[in-house]
Protein chains: 2
Amino acid sequence: MRARLSTRSSAPVRQSSVRAHNLALVLHTVANNADRPSRAAVAATTGLTRATVSALVDDLIAGGLLTEVGPAPRTGAGRPAVGLVLGDTPAALGLEINVDYLAACVVDLTGAVRQRFVERADQRPADPGQALTALGGLAARARAGAEADGLILAGAALAVPGLVTEDGLVRVAPNLGWQDVDAPALLRGAPALADLPIAVDNEANLAALGELRVTGGDPTFLYVSGEVGIGAGLVLGGELYRGVRGWSGEIGHLTVFPDGRLCRCGARGCLEQYAGQEALADDEQLAASALGIALAAVVNLLDVPVIVLGGAYAPVFERLRDGIGTELRQRVLTAGLAPAELRPAALGADAAMRGAADAIIRGVRDDPADWLRRAG
Amino acid sequence: MRARLSTRSSAPVRQSSVRAHNLALVLHTVANNADRPSRAAVAATTGLTRATVSALVDDLIAGGLLTEVGPAPRTGAGRPAVGLVLGDTPAALGLEINVDYLAACVVDLTGAVRQRFVERADQRPADPGQALTALGGLAARARAGAEADGLILAGAALAVPGLVTEDGLVRVAPNLGWQDVDAPALLRGAPALADLPIAVDNEANLAALGELRVTGGDPTFLYVSGEVGIGAGLVLGGELYRGVRGWSGEIGHLTVFPDGRLCRCGARGCLEQYAGQEALADDEQLAASALGIALAAVVNLLDVPVIVLGGAYAPVFERLRDGIGTELRQRVLTAGLAPAELRPAALGADAAMRGAADAIIRGVRDDPADWLRRAG
DNA sequence: CCAAATAATTCAACCAATAAACAAATCCAC
DNA sequence: GTGGATTTGTTTATTGGTTGAATTATTTGG
C-alpha cells in the first residue's frame with residue numbers, strides 16, 4: 001500500500017513534511033511495540049531503511065521522546081540489538097471540572113499517570129472565575145510534582161461538561177450554570193498555567209479519547225457517558241469526531257418517545273429523561289431499552305461496531321446489557337450480519353481527565369517534529 | 001498553516017509522495033478556480049514556488065489532465081499569462097441499477113456529462129446476471145460514444161440500492177431481491193467493461209457525492225434519499241463516510257415511534273414506515289414530522305450543519321420544509337445557537353449515476369500521480 | 001524605443017530517503 | 001580459541017524533489 005498524503009489539506013508539502021511524517025511513524029511504531037524494538041526491527045515494520053530509521057531515532061532520542069535500553073535477552077547470532085522505548089517527556093496536564101469535583105493529573109508520554117489530585121466540592125455555587133482559580137491551584141501542585149520528577153510539560157487540556165467551540169470558549173454548560181465562559185483565558189491567569197498551551201473540550205469527547213488509549217484495539221467506537229445528562233464521544237478511525245462546530249455527541253437529546261416526558265431542553269421524549277442518572281436510578285430496564293433505541297439509531301446511521309458504556313452506566317453494565325442488546329438486535333438493520341459489540345468502559349471516573357492529558361500527548365506523538373522544534 | 005501528512009497511515013513517506021501530493025494540490029487549485037489561472041497564480045494560491053508549479057503543470061499537461069488556453073484579457077503591464085483549465089481526459093463511467101430502471105453515463109474530468117443512457121424496465125423479475133448484462137449493454141454504448149469523442153476512461157462505478165462491502169459484493173438489496181451478488185465479477189463479463197477498474201457502492205452514498213460536487217460549498221452534510229426505502233449518504237469534511245463495514249446511512253430504520261407500525265425489517269416504528277415513498281404519498285405531514293425527528297437525531301449526534309433532501313423528497317420539498325423544521329427547532333439542542341440548514345437536492349434522478357462517475361473522477365483528481373503512472 | 005512589470009524557465013544548492021558497502025559485536029562450528 | 005556466519009548499526013554516494021536566484025520572454029506605458 002502506497003502512502004497517501006492527505007489530499008484535502010490545501011497546503012503544499014515539502015521535504016520537511018516527509019521527515020515530520022516519518023518521525024511520527026517511527027515514534028508510533030516504538031510506542032505500539034511493547035518488547036523494546038531495535039532500530040532494525042522498526043525499519044522492518046515500517047518499511048523505511050535502517051539508515052533512515054537510525055537518523056530519525058537520533059533526533060527522537062535527542063529530544064527525549066525515545067530512550068535506548070539495554071539489549072534484549074540473546075536471541076541468536078549477530079550483533080546484539082539495542083532496544084528502544086518511549087521516553088517520559090514531554091508530559092501533559094489533564095484537568096477536569098464537573099458538578100461535584102475538580103481534578104488535575106499529569107500523564108507522561110507513555111500514558112502513565114504521574115500525578116493525580118482530586119478535590120470534591122459542589123461547583124454550582126462558584127462562578128467560573130472562582131472555580132477555575134481553584135482548579136489552577138490543583139494544577140500548580142500537579143505541575144510542581146511532575147517537575148520534581150524531571151518532567152517537562154507540553155500543554156494542558158480541560159474537560160468540561162458542556163458545549164465548547166474550537167477556540168475553547170464554553171458556550172453552555174447547563175449543569176454548571178455556565179454560559180459563554182472563556183476558559184483558556186481564565187486558566188491562563190494561574191501562574192502555573194500561564195506559559196502552557198491550553199485546550200478545552202467536552203468531557204465525553206475527552207473520555208472517549210482516554211478510552212481509545214486503553215482499549216488499544218478498535219479505532220471506531222461510540223463512548224456513552226451517563227452523568228446527570230448523557231454525553232457521547234464518537235471516535236471514527238482513531239480520530240475523535242467533533243462535528244463542524246464541535247457540538248457533536250448530544251445523544252442525551254435523541255428522541256426516543258416523541259410524545260413522552262418533557263425534557264428541560266424543551267422537547268419531549270429525550271433519551272436523557274429515560275436513561276439519565278435520575279431515570280436510571282428509578283427504572284433500570286426502561287433506561288436500558290431507551291438506550292437501546294438510541295444506540296440502534298447510531299449504529300444504523302454510522303455502522304459503528306463497538307459501543308462503550310461509561311460514567312454511571314459502567315457499574316450497572318451487566319444489568320443493562322440484555323435490555324440494550326434486545327433493542328439492538330431488533331432495530332439494527334445489519335444486526336444479523338455482524339452485531340455491534342457492547343462493553344463497559346475500562347477507565348473509571350478519571351476517564352475525562354486522563355483523556356484530556358492524553359489529547360495533548362496524542363498531539364506530541366502525532367507530530368513529534370513540532371515538539372522537537374518547540375523544545376529546541 | 002503547516003501541511004500535515006496523515007499520521008494514521010502506517011506507511012512510510014518518500015519524496016515521490018511529496019510530488020504526488022503537490023500534483024493533486026495543483027490540479028485542485030486549477031479545478032476550483034473558474035477564471036483560467038496562470039502558473040504564477042497557482043503558485044501564489046498554493047504557496048509553492050513558480051518553478052515547482054511549472055514542473056508539476058508540465059506533467060499534468062503531458063497526461064492530459066490540464067490544458068493551456070489563450071491568455072486572459074489584458075490586465076496591465078507584463079508578459080501575458082497563459083491560462084490553465086482542466087482537461088477532459090480521463091473520463092469515467094457511471095452506472096446505476098434500480099428497481100425500475102438501468103442507467104449509464106460518462107462524465108469527463110471537469111464533471112460534465114458527455115454521454116447518458118437510461119432504460120426503464122422493472123428489474124425485479126430479472127436475476128442479477130441478466131440485469132447486469134443488460135446494464136453492460138448500456139455501458140458499451142456509452143463507452144463507444146465517449147471514445148468517439150476522444151475520451152479515455154479511467155474506470156467505472158455502479159450505484160446499487162443495498163448494502164455493499166468494500167470489495168464490491170452486494171450483501172443485500174432488498175428491493176431488487178438480491179443477496180450476495182458479486183457485481184464487479186458479473187460486470188466484468190461485458191467486453192466493454194473487462195479492462196476497467198470497477199467499483200460498487202450504495203446508491204445514497206454515491207448520490208451524496210454527486211451532490212457534493214454540485215453544491216460546491218459545504219463539505220459536511222447529510223444527503224437523504226427518499227425512495228421505496230430511505231437511504232442516506234453522509235459527507236464529513238468533504239469525504240464520504242462509509243462506516244467500518246460500509247453499512248452506514250441506514251436512516252430508514254431509525255426508530256421514530258418505538259411501538260408504532262411494523263416494518264418489513266421486523267422492528268417497529270422505523271422511519272421508513274412513516275416517510276418512505278408509500279407513506280409520503282399517504283400523509284405528507286406525518287412524513288415531515290417523522291423525518292424531522294430522525295434528522296434531529298442526526299444533528300444532535302453529528303453536528304451536521306446542512307441536510308439535503310433528494311429522491312422523492314425533492315419535488316415536494318416546499319411542502320415538507322415547515323414540518324421538518326418545526327421538529328428540528330424543538331429537538332435539536334443547539335438549534336438556538338445555529339440552526340441546521342435544510343435544502344432540496346440540486347441533482348434529480350441522475351444523482352446516483354453521476355455520483356458514481358464522480359467517485360472515479362474524484363479518485364483521479366485526488367491522486368493524479370497514480371493516473372499518470374497508469375496512463376504513462 | 002526604452003524602462004518597468006509580469007510570466008515562465010533554467011540552474012545550482014539543499015534536504016531527505018535509498019542502496020550498497022562497511023564496521024561492530026555476537027554466535028556457532030570445528 | 002579461532003574463523004566464518006549473522007545480525008546491527010553507520011557511512012557514503014546517488015537520486016528525486018523543492019527552493020531561490022538569475023535569466024529569458026513578452027507585454028504596457030512614457
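Residue numbering restarts at 1 for every chain, and letters A, B, ... go by the order of the sequence lines. For the numbers below, each heavy atom of this structure counts, side chains included, while hydrogens, waters and symmetry mates do not. Not measured: the values here are computed from a predicted model.
The side chain of Val82(A) sits closest to dG9(D) out of dT18(C), dA25(C), dG9(D). With dA17(C), dG20(D), dG9(D) as the candidates, the nucleotide lying closest to the side chain of Ala81(A) is dG9(D). Nearest to the side-chain atoms of Val18(A) among the listed nucleotides dA16(C), dT10(D), dT6(D) stands dA16(C). Nearest nucleotide to the side chain of Leu56(A), out of dA17(C), dA21(C), dT10(C): dA17(C). In this structure, the nucleotide among dA21(D), dT8(D), dA7(C) sitting nearest to the side chain of Ala51(B) is dA21(D). Closest approach to the Asn22(A) side chain among dT19(D), dA17(C), dT18(C) is made by dA17(C) (side chain taken as heavy atoms from C-beta onward). Among the nucleotides dT8(D), dG17(D), dT18(C), the one closest to any side-chain atom of Gln15(B) is dG17(D). Closest to the Arg79(A) side chain, of the nucleotides dT26(C), dG9(D), dA17(C), is dG9(D).
Comment: Asp358(B) does not engage Arg354(B) in a salt bridge, judged by the lack of any side-chain N to carboxylate O separation of less than 4.0 angstrom.
Rounded to whole Å, the distance from CZ on Arg36(A) to C1' on dT8(D) is 18 Å. In this entry the distance linking NE2 of His21(A) with C1' of dC15(C) reads 17 Å, nearest Å. Computed from coordinates, the Asp59(B) CG to dT18(D) C1' distance equals 14 Å when rounded to whole Å. Between the C1' atom of dG17(D) and the CZ atom of Arg19(B) lies a distance of 7 Å, rounded to the nearest Å. Regarding Arg39(A), its CZ atom lies at a distance of 19 Å from the P atom of dT7(D), rounded to whole Å. For Leu60(A) and dG9(D), the CG to P distance is 15 Å, given to the nearest whole Å. Going from atom CD of Glu68(A) over to atom P of dT8(D) covers 15 Å, rounded to whole Å. A straight line from CG of Leu48(A) to P of dT10(D) spans 15 Å, rounded to a whole angstrom.
Judged by distance alone, with hydrogens and angles left aside, the side-chain atoms of Ser248(A) form a donor-acceptor pair with the main-chain N or O of Tyr241(A) at under 3.5 Å. No side-chain donor-acceptor contact under 3.5 Å links Asn33(B) to the backbone of Thr29(B). In this structure a side-chain-to-backbone donor-acceptor pair under 3.5 Å is missing from Asp88(B) to Leu109(B). Ser38(B) contributes no side-chain N or O that, together with a main-chain N or O of Gly83(B), makes up a donor-acceptor pair within less than 3.5 Å.
Heavy-atom distances to DNA chain C give each of Ala77(A) and Thr49(A) a nearest nucleotide, and the one nearer the 5′ end belongs to Thr49(A). Toward the 5' end of DNA chain D, the nearer of the two residues Ser54(A) and Leu23(B), judged by each one's closest nucleotide, is Ser54(A).
At a threshold of 4.0 angstrom between heavy atoms, the contacts of Arg50(B) include nucleobase atoms, whether or not backbone atoms are also involved. Residue contacts for Thr52(B): at a heavy-atom cut-off of 4.0 Å it reaches a base atom on one of the strands shown.
A pairwise comparison of heavy atoms in Leu65(A) and Thr89(A) identifies CD2-O, 3.6 Å as the closest pair.
Side-chain N/O atoms of Ser38(B) include one lying less than 4.0 angstrom from OP1 or OP2 on dA8(C). OP1 and OP2 of dG17(D) both lie 4.0 Å or more from every side-chain N or O belonging to Arg14(A).
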